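Residue numbers begin at 1 in each chain, while the letters A, B, ... track the order of the sequences. Fair warning: this is a prediction, and the values are worked out from it, not measured in the lab.
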Amino acid sequence: MLALVDCNACFASCESIFRPELRDQAVVIASNNDGCIVARSPKAKALDIPDLIPLFKIRNVLEQHQVHIFSSNYELYGDISSRIMSLLSRFCVDMEVYSIDEAFLDLSGFENLVRRGHDIKKAVWKQQRMPVCVGIAQTKTLAKLANHLAKKSNKLQGVCVLDDLAMWEPVFKKISVSKVWGVGSRLSKHLALLDVLTVQDLRTQPPKRIRKEFGVTLERTVRELNGERCFDLETQPPPKKEIFSSRSFGKKVTCVEELKQSVAAHAVRATEKLRKQKSLAKRVYVMIQTSRFHEHRYNNSASLVLPYPTNDTRIIIRFAQQVCEHLFKSGYLYAKAGVGLFDLSNVHYKQHDFFEPGQSDQAFKLMSLIDTANRRYGKGKMFLAAQGTQQKWAMARSFKSPSYTTRFSDLPIIKI
DNA sequence: TCTGGGGTCCTAGGACCC
DNA sequence: TCTGGGGTCCTAGGACCC
């Protein structure tokens, strides 16, 4: 059996660890730039403060009820999280850290599961002062559902074991299908058209029909709801396949230089994460956006194939800024920018016609040549630099494929 | 005035090749 | 009136998650 252990109001609970007097008060945590509410203590939930609501919309309510407002402190939460995870690992044979506040535990071989669940809950409270709920079932999807029930029902006291599924059918008939892991708002609406409204409705659909209508992922979900394991425990999380850094600005940005500054900062952050997991990136992606709520809108993004897989901050900044310049249009109030690193590979990735990470100086010289060519032959155009050595030719080859996405097609190729 | 920041997976359709 | 067709790779974008 699998257990899902999930912290209750994680960020608000983290703040309460060091200020226990907050425990029984209304506390909310705001996102970066204090934009939205991302966590609420039970008292705050009782005041009907919605999740993810922009702070400015309910400022009055917060003041009226003297709600404590915290800016989020992700370093702190990450630290507390890793201590909790290490504690949880002592309660199982295997585990998957699923998010900052959730973990799946493999409880194979344990007998009294209700008791086990309560032991876990008690230990995390006693040692880390973090309230958690525990859902236990045969599959991840069911464990998620069990956790949801544990959170909602007072009777269960924070631990729910879904073993005999037939017995739970009356409950499944009362839970909206949107509570199922993997079913979001769009899918719920689509399912409603087929009269699939509850967990029980979805459970009893023929998997083949669901696959045809909705795809393989939802088919797996249906199977999981019937106790058939389709999603494995990932005990060693695979390295990230994409790495992002993006953020809204505190203040709107209008000039390209400021935008490029922020893109550089994101490139640095993303590259740090890249190196941490010992990967190289082959593609850099940049997006810039005006506010979604502003009338005068402009969103654009593009990606660019790097000349060779790299984790070199200078190279990534340079290319990211170049893409940024292409995307930039003056006359807009930019609200957000981001940098992504795609097509990641292991550092030990060998492909003889690419540069090795240590050779970035050579590559950098070539970049300068390309720059020179850009300046000489016209701004906004990317030229191919190709000179004698094999390595440089190798770079040339990688440019020959349409490196830019469609917005950057028709690049002239010349020899310098 | 002020509206999160990450990620993953899947699919459709275009490009390209033989 | 005819203008292959099938496989594969790539990309954009949708949908979901926390």
Remember a base hit wins even if backbone is also touched, and classify A:R59 as base, sugar-phosphate or nothing at under 4.0 Å, heavy atoms.
-> nothing

Return the value, rounded to whole Å, for the distance between atom NE2 of A:H190 and atom P of C:dC16.
-> 11 Å

Taking OP1 and OP2 of B:dG5, is either one under 4.0 Å from a side-chain nitrogen or oxygen of A:S248?
-> yes

Measure the shortest side-chain to side-chain distance between A:L218 and A:L187 over non-hydrogen atoms and say whether it is less than 4.5 angstrom.
-> yes

Take atom CD of A:E234 and atom P of C:dC17, then tell me their distance rounded to the nearest Å.
-> 17 Å

Selected nucleotide, minimal atom distance to A:V216 side chain, candidates B:dG6, B:dT11, B:dG4 = B:dT11

Whole Å only: how far is the CG atom of A:D343 from the C1' atom of C:dC9?
-> 12 Å

A:F91 and A:F110 aromatic centres sub-6.0 Å | no

Could you tell me the separation between the CZ atom of A:F249 and the P atom of B:dT1, rounded to a whole number of Å?
-> 20 Å

Provide the distance between the two P atoms, one in B:dT3 and one in C:dC17, to the nearest whole Å.
-> 25 Å

Whole-Å distance between C:dC18 C1' and A:F11 CZ?
-> 9 Å

Nearest to side-chain heavy atoms of A:V38, which nucleotide of B:dG4, B:dC9, B:dG7 | B:dG4

With sugar-phosphate meaning primed atoms plus P, OP1 and OP2, does A:I100 contact a base, only sugar-phosphate, or nothing at under 4.0 Å between heavy atoms?
-> nothing

Would you indicate which nucleotide in B:dT3, C:dC18, B:dG6 comes nearest to any side-chain atom of A:Y98?
-> C:dC18

Using a strict 4.0 Å threshold on nitrogen-to-oxygen distance, state whether A:E325 and A:K260 make a salt bridge.
-> yes

Counting any heavy atom closer than 4.0 Å, what does A:S72 reach on the DNA or RNA strands: base, sugar-phosphate only, or nothing?
-> nothing

Roughly, in whole Å, what's the span from CG in A:L274 to C1' in B:dG6?
-> 16 Å

Can a side chain N or O of A:K336 be found less than 4.0 Å away from OP1 or OP2 on B:dG4?
-> no

N/O (side chain, A:R269) to phosphate O (OP1/OP2, B:dG6) under 4.0 Å | yes

Using the ring-ring contact (aromatic ring centres under 6.0 Å, His included) rule, take A:Y334 and A:F328 through it: C-alpha gap first, then chi angles, then the decisive distance, then the call.
-> CA-CA 10 Å; A:Y334 291 93; A:F328 178 81; 5.6 Å; yes

Under 4.0 Å between any heavy atoms, over every strand shown, what does A:S291 touch: base, sugar-phosphate, or nothing? Just pick one.
-> nothing

Tell me which nucleotide among B:dG6, C:dA15, B:dG4 gets nearest to the side chain of A:K273.
-> B:dG6

Nearest to the side chain of A:F56 - B:dC9, B:dC2, B:dT11?
-> B:dC2

So what does A:F244 touch, heavy atoms closer than 4.0 Å: a base, only the sugar-phosphate, or nothing?
-> sugar-phosphate

Using a heavy-atom cut-off of under 4.0 Å over every strand shown, decide if A:D101 touches base, sugar-phosphate, or nothing.
-> sugar-phosphate

Partner of C:dC18 under the Watson-Crick or G-U wobble criteria, both distances under 3.5 Å, comes out as B:dG5

Nearest-nucleotide wise, let me know which of A:T217 and A:N32 is further upstream toward the 5' end of DNA chain B.
-> A:N32

Is A:R83 atom CZ crowded by more than 12 heavy atoms from other residues, nucleotides or ligands, each under 6.0 Å away?
-> yes

Calculate the interatomic distance between A:E242 atom CD and C:dC17 atom P; express it in whole Å.
-> 17 Å

Most 5' of A:L52 and A:P238 on DNA chain B, judged by nearest nucleotide | A:L52

Between C:dC16 and A:R186, is there an OP1 or OP2 to side-chain N/O distance shorter than 4.0 Å?
-> no

Given B:dT3, is OP1 or OP2 found less than 4.0 Å from the side-chain N or O atoms of A:K252?
-> yes

Closest to the side chain of A:K144, out of C:dC17, B:dG5, B:dG7, is C:dC17

Would you call A:R203 and A:E169 a salt bridge, using N to O less than 4.0 angstrom?
-> yes

Around atom NZ of A:K151, are there more than 12 heavy atoms of other residues, nucleotides or ligands at under 6.0 Å?
-> yes

From the candidates C:dT11, C:dC17, C:dA15, the one with an atom nearest any side-chain atom of A:W181 is C:dC17

Once you round it to whole Å, what is the distance between P of C:dC16 and NZ of A:K179?
-> 14 Å

